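The basis for the numbers below is simple: all heavy atoms, side chains too, and nothing from hydrogens, waters or symmetry mates. Bear in mind the structure is a predicted one, so any value in this text is a computation, not a measurement. The first residue in the sequence is number 1, and the count goes up from there. Just follow the structure's listing: the first ligand is 1, and inside any ligand the first atom is 1.
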Amino acid sequence: MWLVVRIDLHAHSDASDGTDSPGEVVASAREAGLDVVALTDHDTTAGWGEAAETARALGVGLVRGMEMSTRYKNVSVHLLCYLHDPGSPALVAELAKIRDERAGRARVMVDRITEDYPITWDDVLAQAAGARSLGRPHLADALVAAGVVADRDEAFERLLSTRGPYYVQHYAPATKRAIDLVRAAGGVPVLAHPGATQRGRILPDKAFAALAEVGLAGIEVHHRDHSPAQVGRLAEIARRLDLLVTGSSDYHGDGKPNRLGENLTDEHVLDAIAAQGVTPVLRS
Ligand code: AMP
Ligand code: ZN
Ligand code: FE
Ligand code: FE
């Protein structure tokens, strides 16, 4: 009999901008028939404890991770970080700075939106109740609650996109520096959805080689925001640079249509990640 191991390496909880609690993400992973799920909240590891508890209780494999906000020249780059030491002082300090600046940036965006629509900063804080890391999805939820838009998608399309009038950038460290910090913390850095053209500018081919040189471990190739052409391009870049190839859902609970397990990662890739990280994979 063939045993297929189902591994999804990118999911968000309400520690950042997902709608499930960390434990619920793990429970949802089990319901979706996954053997292993990675919890990768934006710029925080606050969900790790609860996720680990549920993973042990339910016998689901867990990769403790994070999705770090970075910037490469003028391109916003999300960096998945797996199995690092969450107490590494330099990384902890950088993440605190990113989260602070995320909050300040959300505030500026809300001040702009308030000129045209009936939402307040308190509405946003109410939507972000348990979150350690504030993002545009929380603004979207406040707009939904106020009846301005029907769902997060419409909020992004009409009001929150990078090209929209209310958009404000937030601070993010250079991608190379982030890779350094993650490696120094014993973690494994993988580029998240680097071919998602609808999110804004994307990395040019030559950037991948530069990042591989400073310690990038892999590329998330299989992701719903990638066209078939981008999947082909990224697979070829990974092959050429000898980088790991991952696939994942980028699950956000009810906030997005992404379903757990819609893209998967090969078992040998997870083994390679596990071999490079200082935090163990919890095995079911
Ligand atoms: P931020 O990090 O605050 O700039 O917000 C970006 C985050 O918003 C992404 O990481 C996604 O989680 C989420 N996002 C982007 N586009 C959409 C969309 N169309 N609908 C719902 N969430 C989205
Ligand atoms: Zn998100
Ligand atoms: Fe992302
Ligand atoms: Fe994500």
Solution key, residues 200-207 side-chain donor-acceptor pairs under 3.5 Å, sequence neighbours excluded:
from, atom 1, to, atom 2, distance (Å)
Asp205, OD1, Arg233, NE, 2.8
Asp205, OD1, Arg233, NH2, 2.8

Run the salt-bridge test on Asp116 and Arg158 with the 4.0 Å N-O cut-off and return the result as yes or no.
->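 Looking at Asp116 and Arg158, the cut-off is not met.
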Parallel, tilted or perpendicular: rings of His10 and His223 (30°, 60°) =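 Correct class here is tilted.
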Using the ring of each side chain (for Trp, its six-membered ring), is His12 parallel, tilted or perpendicular to His42, with breaks at 30° and 60°?
->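 Aromatic pair His12/His42 classed parallel.
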Which of these, Asp20, Thr19, Thr40, sits in a side chain to side chain donor-acceptor pair (under 3.5 Å) with Tyr251?
->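 Testing each of Asp20, Thr19, Thr40 against Tyr251, the sole residue satisfying side chain to side chain donor-acceptor pair (under 3.5 Å) is Asp20.
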Hydrophobic side-chain clustering at under 4.5 Å (ILVMFWY, transitive links): who's grouped with Val63? Put none if nobody.
->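 Once heavy-atom contacts under 4.5 Å are chained together, Val63 belongs with Val5, Ile7, Leu9, Val36, Leu80, Tyr82, Leu83, Val188, Val190, Leu244, Val269, Leu270, Ile273, Val281.
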Total protein N/O/S atoms whose distance from the Fe ion (ligand 3) is less than 2.8 Å |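 Total protein N/O/S atoms under 2.8 Å from the Fe ion (ligand 3): 3.
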For the Zn ion (ligand 2), how many protein N, O or S atoms lie at less than 2.8 Å?
->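 Atoms of protein N, O or S type lying less than 2.8 Å from the Zn ion (ligand 2) total 4.
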So, do Leu79 and Leu216 sit near enough that their side-chain heavy atoms are less than 4.5 Å apart?
->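 When only atoms from C-beta onward are counted, Leu216 and Leu79 do touch, with a gap below 4.5 Å.
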Do the side-chain N and O atoms of Thr114 and Asp111 include a donor-acceptor pair separated by under 3.5 angstrom?
->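 Side chains of Thr114 and Asp111: no pair found under 3.5 Å.
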Do Thr45 and Asp41 pass the side chain to side chain contact (heavy atoms under 4.5 Å, CB included) test, and can you show the C-alpha distance, the side-chain angles, and the key distance before you say yes or no?
-> CA-CA 7 Å; Thr45 57; Asp41 279 307; over 6 Å; no
